[in-house]
Amino acid sequence: MEQGQWRQARRLVREARHVVALTGAGISAESGVPTFRDAGGLWKSYRPEELATPEALARDPRTVLEWYAWRRSALADCRPNEGHRALARFFLRRGEAGLVTQNVDGLHTRAALEEAGEDPAEAALPLELHGAVGRDRCESCAARWPAEPLGETLPRCSACGGLRRPDVVLFGEMLDPDLLDRARRLAERADLCLVVGTSAVVYPAAALPLATREAGGLIVEVNVRRTALTEVAAAALRGEAGTVLPALLD
Ligand code: OAD
């Protein structure tokens, strides 16, 4: 059974003309980054409505900014794992963009830099649908900066005075429409969507594998557990991304 899934997954990867990968928190679990909905996940100890919504940011900006500063500092010791690296090498080899992530940890970008050198080809760089904790943006204008440690007073935009906040998508906020459009086009063009380490319950990201399927392509899932997508996947590989991805892609 398991062997059949592997055979099928390898064949699909080998024969695919266009591949898109959608990753979630599970790919970074082996780097020490907590997921959201597993036992021990962030949403088991924290309430997203108090920390990750525009209402929370308006009501209590310091608490929200401190929580993201804490997540950023926790990431300082985390390194890309073999799963991030295998995906970076795969898309570098193909020379074709296809990596879409819901993660805000920046580990795909770091893997691409480490695999390709200082100036990685576009192909290995992820579309970060939910933004990046390593960046700030102005709540009012389009200004963006590398994130800085939080001081005594709330950080303000030097251009317009708006609140300087993490450049991440909070629950209830729109995704960057241009980024989402690019991700949708990749998903629709792909004949294979590789879905890695996501519970696939947060939309619109979760709709991308379905877009591949509706356009006639197939899904291969890599996850330690079953998800809502397992039913519709052409192959489902059970295991940790850091072990499964190098075995599947290298
Ligand atoms: P979840 O925490 O919902 O799901 C993590 C998935 O990874 C689960 O399906 C696990 O079974 C799987 N998993 C855990 N460890 C793994 C490993 N080593 N290898 C492979 N799979 C593993 O995280 P996401 O699906 O990423 O959004 O959550 C989606 C969005 O919800 C996040 O981007 C975030 C969150 O709230 C926002 O903050 C807007």
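Whatever order the structure lists ligands and atoms in, that order sets their numbers, starting from 1.
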For [atom], closest protein heavy-atom neighbour:
atom                    : answer
atom 16 (C) of ligand 1 : G26 O, 3.4 Å
atom 33 (O) of ligand 1 : H130 ND1, 2.8 Å
atom 32 (C) of ligand 1 : F36 CE1, 3.6 Å
atom 30 (C) of ligand 1 : V202 CG2, 3.7 Å
atom 12 (C) of ligand 1 : N223 OD1, 3.3 Å
atom 18 (N) of ligand 1 : E30 OE2, 3.0 Å
atom 29 (C) of ligand 1 : Q102 OE1, 3.3 Å

Would you mind running through ligand 1 and noting each atom that sits below 4.0 Å from a heavy atom of D38?
5 (C), 8 (C), 10 (C), 11 (O), 14 (C)
Short list, please: which atoms of ligand 1 are under 4.0 Å from a heavy atom of R225?
10 (C), 11 (O)
Quick one: do V33 and V100 end up in the same hydrophobic cluster if we chain Ile, Leu, Val, Met, Phe, Trp and Tyr together by side-chain heavy atoms under 4.5 Å apart?
no
Geometric N/O contact [X] with ligand 1, under 3.5 angstrom:
X    : result
A29  : no
A241 : yes
R37  : yes
F171 : no
E240 : no

Over-ring placement of R137 relative to W145, 6.0 Å and 45° cut-offs
no
Which option wins on minimum heavy-atom distance to atom 23 (O) of ligand 1: G24, A25, G172?
A25
Just heavy atoms, cut-off under 4.0 Å: does L170 contact ligand 1 by side chain, backbone, both, or neither?
neither
In terms of side-chain heavy atoms, does S199 have a donor or acceptor partner in T227 at a distance below 3.5 Å?
no
Under a 4.0 Å threshold between the charged nitrogen and the carboxylate oxygen, would R110 count as salt-bridged to D105?
no
Does a side-chain heavy-atom distance below 4.5 Å link R144 with D136?
no
